[in-house]
Amino acid sequence: TDLEVPFTSYDEIVISMSEVTQCFIGKLAIQHLSTSRSWLDSFTLQTEGRLAELEQEIMAGKCTLVSHSMGEVCRVVSVTALHLTNPDGLLLAQLGKVKDGEFKANCMLPGSKQRRGELPAGVIQRLLRDDLLQIATGIELGGIKSEVTEVSESSTYNIPTTYHRTIQKASLARPYYATLEQLPAFDPSRAVQSLESETSRWEKQYGSKPFYPPIEKIFLLPGIGSASILCAWMEERDFEKLSAPA
């Protein structure tokens, strides 16, 4: 492309385009993937299903797909996360999600992908309404941290994914912190396999076992619908280690 805007990446330019233009660019990228032998060979089955899922994400505004000058296809996702601390200075970490009785471990800040046309403030309001409703009234929003851009390989689609992150700082009032501690604890038997897998990943990467909060300190935050988030309060340095990519 000959389009150039100083100090702005092509991905950022595409994100700012209209819905029709984003969908058009995304469909062109999908066509490129469908003829890419190296990408097709990365899946042993259900290739058509992966392409259909990717197209659904694009049409729903959950991601943008772009083709770069060298022919590489990249998935672009805008994410807003909540950096919530309690009166003791501990950070609320999302250790994973429980959906339909299945647990998937993934240590991260509570957050969500931005939908097309949605501002970061709208994502936070949706998060408070859908996932953190039980403590939403006790959360005081602070400033917004400057955007952070991360690039990693998507395990679902086997293509590079660029994450444009916006982090909303917030604090939780002590009375609501006490309420949170009274929420039902999590049954560890439902997450043993996933946690063991995470432990194995960590040991291979860092040569030591990861820090997990005591199981009695881990709790579920019931969400709207079939999914709930598994949470714990932890020191920020422990969170950074546990959430570091392998």
Side-chain angles (χ1 to χ4, degrees), residues 62-63 75-99 103-115 118-156 161-173 176-177 179-181 183 186 191 194-195 198 201-202 205-206 210-213 217-225 227-246:
K62 293 182 178 179
C63 78
R75 178 169 164 261
V76 184
V77 179
S78 294
V79 177
T80 298
L82 184 68
H83 184 282
L84 179 64
T85 54
N86 67 20
D88 298 323
L90 299 177
L91 178 67
L92 182 68
Q94 178 178 310
L95 300 180
K97 279 198 171 185
V98 180
K99 186 174 183 179
F103 172 72
K104 183 177 181 180
N106 187 14
C107 186
M108 59 194 297
L109 294 176
S112 177
K113 297 175 185 175
Q114 283 178 230
R115 297 168 180 170
E118 187 176 42
L119 296 173
V123 178
I124 293 299
Q125 292 305 313
R126 178 160 53 84
L127 181 68
L128 296 179
R129 182 187 66 239
D130 294 350
D131 293 338
L132 304 175
L133 183 61
Q134 297 204 26
I135 56 171
T137 54
I139 294 176
E140 182 178 347
L141 300 180
I144 292 181
K145 191 176 180 180
S146 57
E147 266 190 354
V148 180
T149 302
E150 298 177 346
V151 181
S152 62
E153 191 80 9
S154 168
S155 59
T156 303
T161 298
T162 301
Y163 293 93
H164 293 268
R165 289 204 308 160
T166 301
I167 300 177
Q168 171 72 63
K169 295 276 190 174
S171 58
L172 182 66
Y176 292 89
Y177 177 34
T179 301
L180 231 173
E181 290 180 318
L183 289 175
F186 182 68
S194 291
L195 290 175
E198 286 296 289
R201 176 189 68 82
W202 176 283
Q205 180 75 7
Y206 299 104
F211 164 83
Y212 283 114
K217 295 293 185 181
I218 298 177
F219 51 87
L220 275 177
L221 280 174
I224 293 177
S228 300
I229 59 175
L230 183 67
C231 298
W233 297 104
M234 62 173 62
E235 297 282 351
E236 188 144 3
R237 62 176 180 272
D238 293 324
F239 168 78
E240 290 174 356
K241 292 177 181 178
L242 197 57
S243 61

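Position 1 is the first residue of the sequence, and the numbers go up from there. Just so we're clear, the structure is a prediction, and the values are computed from it rather than from any experiment.
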How long is the straight-line distance from [atom2] of [Y] back to [atom1] of [X], given to the nearest 0.5 Å?
X: Leu82; Y: Leu91; atom1: CG; atom2: CG; value: 9.0 Å
X: Leu119; Y: Gln114; atom1: CG; atom2: CD; value: 7.5 Å
X: Ile229; Y: Met108; atom1: CD1; atom2: CE; value: 10.0 Å
X: Lys113; Y: Tyr163; atom1: NZ; atom2: OH; value: 6.5 Å

My understanding is that only residues two or more places apart in sequence, or in another chain, count here; which of them pass side-chain hydrogen bond (donor to acceptor under 3.5 Å, both in side chains) with [X]?
X: Gln168; value: none
X: Ser78; value: none
X: Lys62; value: none
X: Gln125; value: none

Check against side chain to side chain contact (heavy atoms under 4.5 Å, CB included), Val76 and His164: CA-CA 8 Å; Val76 184; His164 293 268; 3.6 Å; yes
Do you know which two heavy atoms are closest between [X] and [Y], and how far apart they sit?
X: Pro120; Y: Thr166; value: CB-CG2, 4.0 Å
X: Leu141; Y: Ala170; value: CD2-CB, 3.9 Å
X: Phe239; Y: Ala93; value: CD1-CB, 3.7 Å
X: Gln94; Y: Gly111; value: OE1-N, 4.4 Å
X: Trp233; Y: Leu84; value: CZ3-O, 3.7 Å
X: Val79; Y: Val77; value: CG2-CG1, 3.7 Å

With sequence neighbours excluded, what pairs up with [X] under the side chain to side chain contact (heavy atoms under 4.5 Å, CB included) test?
X: Arg126; value: Ser112, Arg115, Glu118, Val123, Arg129, Asp130
X: Ala81; value: Leu109
X: Ala121; value: none

Would a 4.5 Å heavy-atom cut-off, applied to side chains only, mark [X] and [Y] as touching?
X: Leu90; Y: Thr85; answer: no
X: Leu95; Y: Met234; answer: yes
X: Glu240; Y: Asp238; answer: no
X: Glu236; Y: His83; answer: yes

Verdict with supporting geometry, Leu127 and Leu132, side chain to side chain contact (heavy atoms under 4.5 Å, CB included): CA-CA 6 Å; Leu127 181 68; Leu132 304 175; 4.2 Å; yes
